[in-house]
There are 2 protein chains.
Amino acid sequence: MRNKELTYKQIIETAYVMFSEKGFDQTSLSSIASEIGISKPAIYYYFKSKDELIKSLFEIIAKEIQSITFMDLETITPANFKQNLYLLGENTIKHQEKDHHFNHLFNQYMLLSTRDKDYSERLVKIQQHFLNTFHDMLTHGVKIKAIKDENILIKSQLLALVFDNITNFILTDMTLDFIKIWREAVDSVLNGIVNDEQ
Amino acid sequence: MRNKELTYKQIIETAYVMFSEKGFDQTSLSSIASEIGISKPAIYYYFKSKDELIKSLFEIIAKEIQSITFMDLETITPANFKQNLYLLGENTIKHQEKDHHFNHLFNQYMLLSTRDKDYSERLVKIQQHFLNTFHDMLTHGVKIKAIKDENILIKSQLLALVFDNITNFILTDMTLDFIKIWREAVDSVLNGIVNDEQ
DNA sequence: GTCTATACAGCGATAGAC
DNA sequence: GTCTATCGCTGTATAGAC
């Protein structure tokens, strides 16, 4: 007799890894089951279909993105503004270099979204949230007079694009100095609009 | 009796569209065959397996990337340097907005590469070529004294990252002004190192 | 060179025993 | 809650007719 919560947790965790490594289609429910040491129908006790299991994982990913890109604006001052932008990138880069599964899965949902309207709408919202995070950050910078109010919208979109693609490039075997690239991006974008730079 | 070359061409073109819209796994050889109006085994006459058909499409994609990112450095002068960087992005953005299949397929090969060493190595080379294009462009800019020799390597990598992810974002339903973002990227990166700017 | 027919494996999902 | 057994379907791939 197994523990109910344990089994549920094992299915989620095993699916997370296997889906990321082999893809949704190439990972059968039986292979997930045998990896855990249970039978295939046991999975159907927890999830009414394979699609629902895939959807459950999406919810987990979506929540993780929220927490990764969270920024507490209250702690930002003109003195530490640029440093905080550096850190936002550096922390994420270090996090992604440890867990490749996250981005592999996310890419698969991106592909799913082209033929599934639900995923499409959810992903647009996530990307929007993502863009907003950087826009809020720069807007806050203007408000506390850390930077000048010049082209803030486009500049924040540019930062979001760089940030997002750094995580994609980490997945390939490219060995670039991503932290340096991110710092160059922040420096370039803020160049000329930073106040009080000595 | 069908024409041999025509059938081959039809298989390639139909597979290109269907694989991009539904994915490799969700597109069966029978569905491709019936879409064209031939029988499933007919495909096996031209391709010894589904994987080989997928591989053939990869060769086409790889070639297309080479031509998209081609830049004739001979025509670059200090006067048109920045304008050419603008155009490189703008032409690609317009091209991508017309043909979404290209990027959908490319993303699928990115996922395949995580479990297939052949694709992995090929893709790294493509990404490398991609980075080199921008590096060559900026290095050439230094040579013809269009820009100053400051941080050229990182700056070219940054441009490549922005350029690459703009094409990814076009696939989503985000309606951003990508041309403006690209211009901001070029402006930001070149800010302070451009010579002869009035 | 292209077809019909078919082999064979594997999938998602369900029924019903324990 | 988890199992065995099984259904129905679809996939890739091949053999052999024309």
Side-chain angles (χ1 to χ4, degrees), chain A residues 1-59 104-105 108-109 111-112 114-116 118-119, chain B residues 1-59 104-105 108-109 111-112 114-116 118-119:
Chain A
M1 194 74 79
R2 309 187 113 258
N3 178 291
K4 190 178 169 179
E5 282 183 20
L6 173 70
T7 307
Y8 181 85
K9 205 179 148 199
Q10 279 185 315
I11 295 173
I12 289 284
E13 284 173 0
T14 308
Y16 185 87
V17 172
M18 291 184 78
F19 280 149
S20 122
E21 287 174 348
K22 310 215 303 165
F24 294 138
D25 293 292
Q26 295 296 322
T27 307
S28 68
L29 292 185
S30 6
S31 67
I32 294 174
S34 75
E35 177 77 21
I36 303 173
I38 61 176
S39 71
K40 179 169 61 175
I43 295 179
Y44 280 90
Y45 176 75
Y46 296 95
F47 303 92
K48 75 166 194 270
S49 69
K50 187 182 184 179
D51 279 348
E52 217 196 51
L53 171 57
I54 292 174
K55 215 158 210 162
S56 300
L57 287 176
F58 180 77
E59 303 301 333
H104 279 149
L105 273 178
Q108 287 185 66
Y109 287 110
L111 285 175
L112 266 188
T114 65
R115 40 201 137 103
D116 186 312
D118 281 352
Y119 285 118
Chain B
M1 195 74 81
R2 308 187 113 259
N3 179 291
K4 188 178 171 179
E5 283 184 20
L6 174 70
T7 306
Y8 180 85
K9 206 180 148 198
Q10 278 185 317
I11 294 173
I12 290 284
E13 283 173 1
T14 307
Y16 185 86
V17 173
M18 292 184 77
F19 280 150
S20 124
E21 286 174 348
K22 311 214 305 165
F24 295 137
D25 293 292
Q26 295 295 323
T27 307
S28 68
L29 291 186
S30 6
S31 67
I32 294 174
S34 74
E35 177 77 20
I36 303 173
I38 60 175
S39 71
K40 177 168 61 177
I43 297 180
Y44 281 90
Y45 174 75
Y46 297 96
F47 303 93
K48 76 166 195 271
S49 70
K50 188 182 183 179
D51 279 347
E52 217 195 50
L53 171 56
I54 292 175
K55 216 158 210 163
S56 299
L57 287 176
F58 180 76
E59 303 301 335
H104 278 149
L105 274 177
Q108 288 185 66
Y109 287 109
L111 284 175
L112 266 188
T114 66
R115 41 202 138 103
D116 185 312
D118 281 352
Y119 285 118

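Lettering of chains follows the sequences in order, A, B, ..., and the numbering in each one begins at 1. The model shown is predicted, which means the values in this text are computed figures rather than measured ones.
- Phosphate proximity of C/dT2 to B/Y45: absent, as no side-chain N or O sits under 4.0 Å from OP1 or OP2.
- Ring to ring, A/Y45 and A/Y8 are not that close: their centroids are 6.0 angstrom or more apart.
- Close to D/dT2, at under 4.0 Å from its OP1 or OP2, lies a side-chain N or O of A/Y46.
- Closest contact between the side chain of B/K40 and the listed nucleotides C/dA15, D/dA15, D/dT12 involves D/dT12.
- Here the P atom of nucleotide C/dG1 and the NZ atom of B/K9 are 20 Å apart, to the nearest Å.
- Between A/S30 and C/dC11, a side-chain N or O to OP1/OP2 separation shorter than 4.0 Å is present.
- Whole-Å rounding puts the A/K22 NZ to C/dC11 P distance at 9 Å.
- Look at CG on A/D25: it is 17 Å from P on C/dG10, rounded to the nearest Å.
- Counting to the nearest Å, the P atom of C/dC3 and the CD1 atom of B/I36 are 10 Å from each other.
- Heavy-atom minimum distance, B/F19 versus B/K50: CE2-CE, 4.0 Å.
- The shortest non-hydrogen separation linking B/Q10 to B/I36 is OE1-CG2, 3.4 Å.
- Going from atom CG of A/L29 over to atom C1' of C/dT14 covers 13 Å, rounded to whole Å.
- Nucleic acid contact for A/F47: none, since no nucleic acid atom lies under 4.0 Å from a heavy atom of the residue.
- Computed from coordinates, the A/L53 CG to C/dA13 P distance equals 10 Å when rounded to whole Å.
- Side-chain proximity of A/A42 to the nucleotides D/dA13, D/dT2, C/dA13 is greatest for D/dT2.
- Looking only at side-chain heavy atoms (C-beta outward), B/L112 and B/F24 come within less than 4.5 Å of each other.
- Counting only distance, with no hydrogens or angles, the side chain of B/Y109 and the backbone of B/I54 share a donor-acceptor pair below 3.5 Å.
- A close approach under 4.0 Å does not occur between any side-chain nitrogen or oxygen of A/S39 and OP1 or OP2 of D/dT4.
- Listed pair B/S28 / D/dT10 fails the phosphate criterion, with no side-chain N or O lying under 4.0 Å from OP1 or OP2.
- Considering only side-chain atoms of B/I38, the nucleotide from C/dG12, C/dC3, D/dT4 that sits closest is C/dC3.
- Atoms CD (B/E52) and P (D/dA13) sit 10 Å apart, rounded to a whole Å.
- Nucleotides of DNA chain C nearest to A/Q26 and A/K48 differ in position, and the one nearer the 5' end is that of A/Q26.
- Rounded to an integer number of Å, the gap from CD1 of A/I43 to P of D/dT4 is 14 Å.
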